[in-house]
Amino acid sequence: MLARDIGIDLGTANVLIYVKGKGIVLNEPSVVAIDLNTNKVLAVGEEARRMVGRTPGNIVAIRPLKDGVIADFAVTEQMLKYFINKLNVKGFLSKPRILICCPTNITSVEQKAISEVAEKSGGKKVYLEEEPKVAAIGAGMDIFQPSGNMVIDIGGGTSDIAVLSMGDIVTSASIKTAGDKFDFEILQYIKKKYKLLIGERTAESIKINVGTVFENSRNEEMDIRGRDLVSGLPRTITINSAEIESALRESVAVIVQTAKSVLEKTPPELSADIIDRGVILTGGGALLHGIDTLLAEELKVPVFIADNPMDCVAVGTGIMLDNIDKIDRRSLI
């Protein structure tokens, strides 16, 4: 049996793996639970995520990727090894080729770290591709024509914004304002206003269930529980959509401003194409209520959310794997 080529969307929040011929076969949180006393990995992925904020002192749930890059090399390697072994994609005597995605403006040292992790996890050859380019392909955009396509990929750790033409990036920007930052802002808002301490998972749940970034577009309430900072005892409060909109306003403004600056640097002919074709939103952040409306209003161009925005990068790796022999040799490590 020959090894199957695999594509990896190594995200700050989730790891998605695409196996050639099978599609997306794995979608798990990028979390690893480790016992500090023995340094042993206890759980990876969804099982480890359930432990976040709920473990005794000797067990920590680590997210080895921060802001789209590897923060803990050894733990990332163990996580990828675990996922790849779970999929059983290695051949009898052969190893799979791996195509892995990275944010646009990471350094060559960070790129090398990602390649090394993939190699040590069991890859024969490792190809690196830039995330917005792969996301655009996965969203169904034909980026190989001489016309402008714009993609805004809002992930967990980074938001990547790029204008593409002729199969490559013309102008781009990558910022560390994305899903995790939104969660942090919600957490801080509740801590400041209500003197209530909540966990990351509660903050994420608020963002999904009542959050919005477009004023007066959603009016929902949610009861949340946390620890009172004054008394130290558990307490329940009710929070609404308008409060979350104000909590997220500054962070979302950073994404809007970055998108504007990318458009300002875009050649006029390509800008004209973007007005016709619109902007495609990908990544988990594309699901944030009202983000498409807000961006359309601010950028003065149509904005569309891709089908299954969270899967775009993984699907894109799959399309690129089908053409892996044609991939520019420069990305070969």
Side-chain angles (χ1 to χ4, degrees), residues 11-14 29 31 46 49-50 52-54 61 63 67 152-159 161 175-260 279 281-300 302-310:
T12 310
N14 291 72
V31 185
E46 184 55 50
R49 191 184 80 96
R50 287 200 292 270
V52 172
R54 291 184 168 152
R63 291 178 66 180
D67 302 332
I152 300 178
D153 180 41
I154 307 171
T158 57
S159 291
I161 298 156
I175 50 169
K176 291 171 181 178
T177 301
D180 288 351
K181 176 78 171 156
F182 300 151
D183 296 346
F184 177 75
E185 294 291 357
I186 292 168
L187 200 137
Q188 289 298 102
Y189 173 84
I190 289 166
K191 184 178 171 184
K192 205 169 163 184
K193 184 173 177 185
Y194 294 100
K195 300 283 183 284
L196 189 77
L197 208 57
I198 60 167
E200 285 174 26
R201 288 187 63 186
T202 305
E204 188 183 17
S205 171
I206 294 167
K207 177 180 72 179
I208 294 166
N209 295 311
V210 298
T212 183
V213 295
F214 195 68
E215 227 173 330
N216 303 324
S217 65
R218 192 177 194 183
N219 187 19
E220 286 178 53
E221 290 187 340
M222 179 181 177
D223 288 341
I224 54 164
R225 296 178 189 90
R227 192 178 84 227
D228 191 301
L229 282 169
V230 182
S231 69
L233 300 171
R235 182 159 66 96
T236 302
I237 61 163
T238 303
I239 195 144
N240 62 45
S241 300
E243 290 180 279
I244 303 307
E245 188 274 323
S246 68
L248 296 179
R249 199 173 292 163
E250 277 183 34
S251 297
V252 175
V254 175
I255 295 176
V256 170
Q257 204 43 55
T258 309
K260 281 181 178 174
V279 175
L281 282 180
T282 64
L287 299 169
L288 184 56
H289 188 277
I291 189 120
D292 52 335
T293 320
L294 180 77
L295 283 164
E297 191 171 277
E298 293 282 343
L299 302 178
K300 308 283 185 278
V303 175
F304 307 102
I305 298 171
D307 297 335
N308 304 321
M310 289 180 79

Drop me the distance from [X]'s [atom1] to [Y]'s [atom2], to the nearest 0.5 angstrom.
| X | Y | atom1 | atom2 | answer |
| --- | --- | --- | --- | --- |
| T202 | I224 | OG1 | CD1 | 7.0 Å |
| L187 | L197 | CG | CG | 6.5 Å |
| E185 | I244 | CD | CD1 | 11.0 Å |
| L295 | I305 | CG | CD1 | 9.5 Å |
| T282 | D153 | OG1 | CG | 3.5 Å |
| K181 | I154 | NZ | CD1 | 15.0 Å |

Counting C-beta onward and ignoring hydrogens, is there a side-chain heavy-atom pair between [X] and [Y] closer than 4.5 Å?
| X | Y | answer |
| --- | --- | --- |
| F214 | D292 | no |
| S251 | F184 | no |
| T177 | T258 | no |
| N240 | V210 | no |

[X] versus [Y], closest heavy-atom pair with distance:
| X | Y | value |
| --- | --- | --- |
| T12 | R63 | O-NH2, 3.2 Å |
| P29 | R49 | CG-CD, 3.4 Å |
| A203 | I186 | O-CD1, 3.8 Å |
| S159 | I255 | OG-CD1, 3.6 Å |
| A286 | P309 | CB-CB, 3.8 Å |
| G285 | I291 | O-CG2, 3.8 Å |

Apply salt bridge (charged side-chain N to carboxylate O under 4.0 Å, His left out) to E297 and list each qualifying residue two or more places apart in sequence or on a separate chain.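 With neighbours one apart ignored, the set is empty.
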
Taking it one step at a time, do E204 and R201 satisfy salt bridge (charged side-chain N to carboxylate O under 4.0 Å, His left out)? CA-CA 5 Å; E204 188 183 17; R201 288 187 63 186; over 6 Å; no

Of all residues at least two apart in sequence or in a different chain, which pass the side chain to side chain donor-acceptor pair (under 3.5 Å) check with E220?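 For E220, the residues satisfying side chain to side chain donor-acceptor pair (under 3.5 Å) (neighbours in sequence not counted) are R218.
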
Derivation of the side-chain contact (heavy atoms from CB on, under 4.5 Å) call for F182 and V252: CA-CA 8 Å; F182 300 151; V252 175; 4.0 Å; yes

